[in-house]
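Accompanying notes for the structure given below.
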Amino acid sequence: MALARDPIGNGQLEHPRARVQLDNPLCGDRVIIEVTWDDNGMLTELAHEVQGCALCRATASLIGRDTPGKQLTEIAIAQTELERLLKEGEEPTHHHWQGLSVFKPVHGHKSRYECVLLPFKALTQALEV
Amino acid sequence: MALARDPIGNGQLEHPRARVQLDNPLCGDRVIIEVTWDDNGMLTELAHEVQGCALCRATASLIGRDTPGKQLTEIAIAQTELERLLKEGEEPTHHHWQGLSVFKPVHGHKSRYECVLLPFKALTQALEV
Amino acid sequence: MQMTKPDAMAFDPAEIKKLFPIFSSHPQLRYLDNAATTQCPAAVIQAVDLHECQSRANISRGIYPLAEEATEAYHQARNMLAQYLGAQDASEIIFTSGTTGAINLLANAYAVDLKEGDEILLSLVEHHSNLLPWQILSRRTGVKLRFLPLTADGRIDMRSLHRLVTERCRLVAVTHASNVTGAVTELGPLIDAAHSVDAAVLLDGAQMAQHGPLDINALGVDFYALSGHKMFGPTGIGLLWGRRDLLEKLAPPFGGGGMVHRVTIDSFEPAELPARLEPGTPPIAQAVGLAAAAAWLMELDLKAVESHLYHLTGRLLDGLNNFPGIKLIGPSDLYQRLSLVSLDLAKVHPHDLSQIFADRGIAVRGGHHCAEPLMRFFGLMGTTRVSLALYNDETDIDALLLAIEEAQRILI
Amino acid sequence: MQMTKPDAMAFDPAEIKKLFPIFSSHPQLRYLDNAATTQCPAAVIQAVDLHECQSRANISRGIYPLAEEATEAYHQARNMLAQYLGAQDASEIIFTSGTTGAINLLANAYAVDLKEGDEILLSLVEHHSNLLPWQILSRRTGVKLRFLPLTADGRIDMRSLHRLVTERCRLVAVTHASNVTGAVTELGPLIDAAHSVDAAVLLDGAQMAQHGPLDINALGVDFYALSGHKMFGPTGIGLLWGRRDLLEKLAPPFGGGGMVHRVTIDSFEPAELPARLEPGTPPIAQAVGLAAAAAWLMELDLKAVESHLYHLTGRLLDGLNNFPGIKLIGPSDLYQRLSLVSLDLAKVHPHDLSQIFADRGIAVRGGHHCAEPLMRFFGLMGTTRVSLALYNDETDIDALLLAIEEAQRILI
Ligand SMILES: Cc1ncc(COP(=O)(O)O)c(C=O)c1O
Ligand SMILES: Cc1ncc(COP(=O)(O)O)c(C=O)c1O
């Protein structure tokens, strides 16, 4: 809830290297991710705008907090970890992504998975990883 | 069965005053009725060609036997009597049409009503009564 | 077989509820999503069962007793629905897969007749099912779509009617009652305007159908669409009703078995109504189920049901009006709306609110309700919709109001 | 949950028959009209019941547990049908109202792409449901229909294949097995010829579907259509399977709720497969029932069922060959045909023969079987069709043969 209430990384970038807008067709929620990375494959800056529910805002916020400074390859891992957490209820194992476990209570609520995943999908789509 | 086996009135007229072809969409059966009447409203000549089941052939045969010489108004009555016989099982009351009661066993077999009625429908359509 | 009707005072939702197996399986369920799907009484489930166990066969072409029984059952189902709609002529009832299927059938049939420049008039309140088929038609034929605007409280605004119903208008297709605002459409002026230019009127009756039998001729419309699953019947079935003279003019847009007089490899000669518009094996058992639902509804004391629903809706509206930050969507007059209420709770996403409800056993729906143009009109992402049916009671309303209180504590 | 499979010798139609409630209601019934509709096992009827009693809700948009359950049930039904067809990707399964619905869906989707002069290749054996939708398409777009001829015994004649599959051919749409001749279509050359000019291949699987799971990729076709009610499932449901890349190219021909990403009053952006081709509330409970039918079929020892049906079909053919004046329609080789036999009894109208059967509790079908061009090919008004399913036994065949003897006595 705290993540959702005080969004981290909300806003826009001046010169994003990539920008992706993604919609959740089921509820009409919308996420815009703007992101920049350097030539060593490190995510340097990220901003998001979310029209969505608390879960969606919380993921965006977590992304805003935890992804800058990470390698793009690690971010791809995060999405896999998150999907496994939601679908199988398995805690994240990668040390960078322990924070994802805040979403554990969503496991079993199938209709909400997409809410949590949407910002991550937008991000990995932007990064093309 | 006898009516169906030895069709009465099968064939074509040389100068029909009206000709109607009618199909039963359910089974593809086809009836052609050719008919002539005089200015006093009496049916003078009738011929039929039937591609159809025994019931259909039987009605055509009965028509071939019983309608020549009758007034057109009486023929309209016959169709009503026949429909009532099939649907309600009520014996024909009009003295000209006692012969229709051969179709009594069809009462209750809804899918066959159309087989019996088809030649009559073609006839009344030809006579426009 | 007419049951003795209980009088209005004696109407007891608890007794009604017992007729619905879902509430035996889920005794704690507070089902307030009846605009999406109503639940199914045992009488309907059993009618389908019985048909499948005792009378199952394909229809129309078999002459053995079982096929005659099945044909007769399908035929009687059509008669029952004709009675429910108040249609004199049962062959005006075309069974479809649902409201969406019915509207697509009509749109595709119309596509043959309409020309570029012809117009179809819709409204901004329409469900996607009464919008997208016309968009597709428009793309195909060049027909122009026009839209009736809405009043601030979400009713169709009739003031621009005479500007929008032009000489080129061929069809006015609007909802009988909205699945978001609950507003019941004012038909008189609409029908008069349409008929004055020889345009036909289609009503989307998806939401209205569950409220009891209609008098379709008194309504004065030309086409009517509804879904079984929204009137206590099975999924997979619905119908299009149309005035015979209009239906007869439609070229069958879909083809298949059972709808023809004669077929060659080049062309076919369609059969009479209703067969010509029902290609293929129809949803036979579902038609039997829908007829059972219609029969079940007609046995009820619908006056009592209506006052029960007004009472609950009033209690709900009163309760909601007590909350700060809640915006109600739709007409404020209780008697201009169905027993469904959409609300927007400031700063709370409809999904988060719905989740709080769900955690408390309350089933409501949050989102755009397949009416995105309407959401845009209200400047909302979505709403939370509470929709009632005859088995709901005061405790459902009170539990919902309590949950909103909790939601405001948790979420804001 | 895999049942222990009885071995081929132990296959017992009497035991199977007990699973079908219709035979408890009608113990004397000899049901030999399985090509029109198969009967429904209790497992299927109960699966639909259970869904309606325990999990009924609209799908995809609700977030309360009941809606999640219903969504999951629908989703699992799709998975089960994917498994039945051998499709790796369940979103290639588009639920429709039946085979007819599936073919009309495809024809209307194709209508957007095809141009005058393009060609569609059918055959003379097709059911009206795989003919009329293409005639309507042809009228709409100017696409030309061509027809594969038949061999004297009613199989599709492949000798003119290379003449008929031209560069302009966009689709070859033929039946997987005929509902009149029982002939199973030889696919190899057909698919090779079609693919050599980049034409897609649609199989009408209405008759084949009841004979057990398929390996759709091994078949090598591009689209497949089937009906629930002909594979022991409910009415009101069927499906169109298509290869993902082809389905993705189809513009949704029908519109409605649940199939879009975004909607404005002017246009919509369709959602992903399968939703984009399933507008409106789908036949949810019927999909659950169809999945139960597929699961039930997959539990059977289908090798044993097959030899049982070959045995009965052989007995039937042998018996019929003993009668003077009976002409059998279809391939003489038992292994090129399904367990259905059409016959023409000289001087006897199929309806009269069917009536004699009906009077003796035997259900068969007489008529043109919605295949008028085929009837014209054979120069017949209609045939009498005997179609078997796994619950039939030798006594059914023998009773039928006896009835023919009586018919010849009575009718000729
Ligand atoms: C070969 C064939 N194709 C198509 C159909 C149409 O199936 P349905 O009526 O279930 O849509 C049938 C059965 O009627 C059939 O036998
Ligand atoms: C007003 C309205 N129209 C049309 C529909 C579509 O009905 P169905 O999905 O049953 O085809 C619905 C419900 O979803 C509705 O509420």
Side-chain angles (χ1 to χ4, degrees), chain C residues 21-22 25 29 33 36-37 39-40 45 49 52-54 56-58 61-66 97-98 100-101 104 127-129 132-133 135-136 147 227 229 234-237 254-257 260 262-265 267-268 279-281 283-286 351 354-355 358 363 365 367 370 372-373, chain D residues 21-22 25 29 33 36-37 39-40 45 49 52-54 56-58 61-66 97-101 104 127-129 132-133 135-136 147 227 229 234-237 254-257 260 263-265 267-268 279-281 283-286 351 354-355 358 363 365 367 370 372-373:
Chain C
I22 196 87
S25 318
L29 175 66
D33 194 17
T37 271
Q39 293 298 335
C40 212
I45 299 174
D49 262 35
E52 293 291 46
C53 291
Q54 300 189 354
R56 175 164 158 129
N58 213 324
R61 271 170 307 275
I63 62 176
Y64 49 89
L66 200 61
S97 57
T100 305
N104 279 286
H127 188 279
H128 293 169
S129 287
L132 273 51
Q135 287 186 355
I136 294 170
F147 292 86
S227 292
H229 71 98
T235 53
I237 181 100
F254 307 136
V260 281
R262 257 180 212 260
V263 178
T264 67
I265 60 170
S267 67
F268 65 91
T281 303
I284 305 168
Q286 292 72 41
H351 269 194
S354 303
Q355 184 74 59
R365 184 142 304 210
C370 296
E372 290 191 24
Chain D
I22 196 87
S25 319
L29 174 66
D33 193 18
T37 270
Q39 293 298 335
C40 211
I45 298 173
D49 261 34
E52 293 291 44
C53 291
Q54 300 189 352
R56 173 162 159 131
N58 213 322
R61 272 170 307 275
I63 62 176
Y64 51 89
L66 200 62
S97 58
T99 302
T100 305
N104 279 285
H127 188 278
H128 293 169
S129 287
L132 273 50
Q135 287 185 354
I136 294 170
F147 292 86
S227 294
H229 72 98
T235 52
I237 182 99
F254 307 136
V260 281
V263 178
T264 67
I265 60 170
S267 67
F268 65 92
T281 303
I284 305 169
Q286 292 72 40
H351 269 194
S354 303
Q355 184 74 61
R365 186 144 302 213
C370 297
E372 288 191 25

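Reckoned from all heavy atoms, side chains included, excluding hydrogens, waters and symmetry mates. Just so it is clear, the structure is predicted and the values come from calculations on it, not from any experiment. A note on names: the letters A, B, ... follow the listed sequences, proteins ahead of strands, and every chain is numbered from 1.
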Task: Side-chain touch D:Y64/C:L29, heavy atoms, less than 4.5 angstrom - done: no
TODO: Among C:A57, C:C370, C:C53, single out the residue with the greatest number of heavy-atom pairs under 4.5 Å to chain D.
DONE: C:C53
Task: Which atoms of D:Q39 approach chain C - backbone, side chain, both or neither, heavy atom under 4.5 Å - done: both
Open item on the list: Quick check on the interface: out of D:G101, D:S25, D:S97, who has the most heavy-atom pairs with chain C under 4.5 Å?
Closed with: D:S25
Task: Heavy-atom check, side chain of D:T37 versus side chain of C:I284, under 4.5 Å - done: no
Open item on the list: Is D:I237 in contact with chain C via its backbone, its side chain, both, or neither, using a 4.5 Å heavy-atom distance?
Closed with: neither
Open item on the list: Ignoring hydrogens, what is the shortest heavy-atom contact between C:G256 and D:P133? Give both atom names and the distance.
Closed with: N-CD, 4.5 Å
Open item on the list: Side chains of C:T235 and D:Q286: any donor to acceptor distance under 3.5 Å?
Closed with: yes
Task: chain D contact via C:H229 - which portion, at a heavy-atom distance below 4.5 Å - done: both
Open item on the list: For a 4.5 angstrom cut-off between non-hydrogen side-chain atoms, does C:P21 reach D:E52?
Closed with: no
Open item on the list: On a heavy-atom basis, which atom in C:N58 and which in D:R365 lie closest, and how many Å separate them?
Closed with: O-NH2, 3.7 Å
- [ ] Against chain D, work out which of C:G367, C:S227, C:S354, C:P65 has the most heavy-atom pairs shorter than 4.5 Å and name it.
- [x] C:S354
- [ ] Check whether any side-chain heavy atom of D:L132 sits under 4.5 Å from a side-chain heavy atom of C:P279, and report yes or no.
- [x] no
- [ ] With the side chain counted from C-beta on, respond yes when C:E372 and D:T264 share a heavy-atom pair under 4.5 Å apart, and no when they do not.
- [x] no
Task: Contacting moiety of D:F147, where chain C heavy atoms sit under 4.5 Å - done: side chain
Task: Short side-chain to backbone donor-acceptor contact, C:N104 and D:G255, under 3.5 Å - done: yes
Task: Top of D:T99, D:I45, D:I22 for chain C proximity - count of heavy-atom pairs under 4.5 angstrom - done: D:I22
TODO: Considering non-hydrogen atoms only, spot the tightest contact between C:G280 and D:T100 and give its length.
DONE: CA-OG1, 3.3 Å
Task: Contact check, side chains of C:Q135 and D:F268, non-hydrogen atoms, under 4.5 Å - done: yes
Open item on the list: Looking only at heavy atoms and a cut-off of under 4.5 Å, which of C:H128, C:R262, C:R56 has the most pairs with chain D?
Closed with: C:R56
